[in-house]
Amino acid sequence: LSQANFFLVKDLAGDARELFEFLGNKGIYIRLTEDYPSLGPSYFRVALRLRRDNEALIQGLKEYSSL
């Protein structure tokens, strides 16, 4: 049995691919879920990780949302 902690998030701007690129350029990686049944391109998944990783993700999301 394996366990993982993930959040499924909807990008309210509509397309998570731009966020994927933005965060990826900062070394922060999210999982696009457009290939999941019934989820479109506005959804993405993130994993809970180490505190510093989570803080970097939060900072990246703040920077992206202020563009």
Side-chain angles (χ1 to χ4, degrees):
L1 178 68
S2 64
Q3 295 181 339
N5 293 314
F6 295 103
F7 284 107
L8 180 64
V9 183
K10 183 174 184 177
D11 184 342
L12 297 178
D15 191 339
R17 282 175 271 182
E18 288 181 24
L19 176 62
F20 176 82
E21 293 289 327
F22 179 82
L23 293 175
N25 287 332
K26 296 180 170 295
I28 302 167
Y29 301 100
I30 61 174
R31 169 73 159 88
L32 297 178
T33 59
E34 59 194 359
D35 59 336
Y36 285 30
S38 74
L39 296 179
S42 61
Y43 289 89
F44 63 96
R45 189 181 80 180
V46 296
L48 292 177
R49 299 180 50 101
L50 298 174
R51 182 181 185 107
R52 68 176 181 266
D53 298 329
N54 296 334
E55 289 172 349
L57 172 63
I58 291 167
Q59 182 62 35
L61 292 171
K62 285 180 181 179
E63 290 173 16
Y64 181 78
S65 68
S66 68
L67 295 178

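Basis for what follows: all heavy atoms, side chains included, without hydrogens, waters or symmetry-related copies.
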>> Does F7, at its CZ atom, have more than 12 non-hydrogen atoms belonging to other residues, nucleotides or ligands within less than 6.0 Å?
In response: no
> Just wondering, are more than 12 heavy atoms of other shown residues or ligands nearer than 6.0 Å to CG in D35?
Replying inline: yes
>> Rounded at 0.5 Å granularity, tell me how far CZ in F22 sits from CG in L61.
In response: 9.0 Å
>> Grouping I, L, V, M, F, W and Y whenever their side-chain heavy atoms are under 4.5 Å apart, do V46 and L8 come out in a common cluster?
In response: no
> Among the clusters formed by ILVMFWY side chains lying less than 4.5 Å apart, do F6 and F44 turn up in the same one?
Replying inline: no
>> Is there a path of hydrophobic side-chain contacts, each under 4.5 Å between heavy atoms of I/L/V/M/F/W/Y residues, joining L32 to I28?
In response: yes
>> Once side-chain hydrogen bond (donor to acceptor under 3.5 Å, both in side chains) is applied, do any residues pair with R52, and if so which ones, sequence neighbours excluded?
In response: none
> Are L57 and F20 co-members of a hydrophobic cluster defined by side-chain heavy atoms under 4.5 Å apart?
Replying inline: yes
> How long is the gap from CG on L23 to CD on E63, to the nearest 0.5 Å?
Replying inline: 9.0 Å
> Has Y43 got more than 12 heavy atoms of other residues, nucleotides or ligands less than 6.0 Å from its OH?
Replying inline: no
> Checking side-chain contact (heavy atoms from CB on, under 4.5 Å) for the pair I30/V9: CA distance, chi angles, key distance, verdict?
Replying inline: CA-CA 10 Å; I30 61 174; V9 183; over 6 Å; no
> Would a distance-only check, ignoring hydrogens and angles, find a side-chain to backbone donor-acceptor pair under 3.5 Å from D11 to S42?
Replying inline: no
> Within a radius of less than 6.0 Å around CZ of R31, do more than 12 heavy atoms belonging to other residues, nucleotides or ligands occur?
Replying inline: yes
> Will you find, in the side chains of E55 and Q59, an N or O donor that is under 3.5 Å from an N or O acceptor?
Replying inline: no
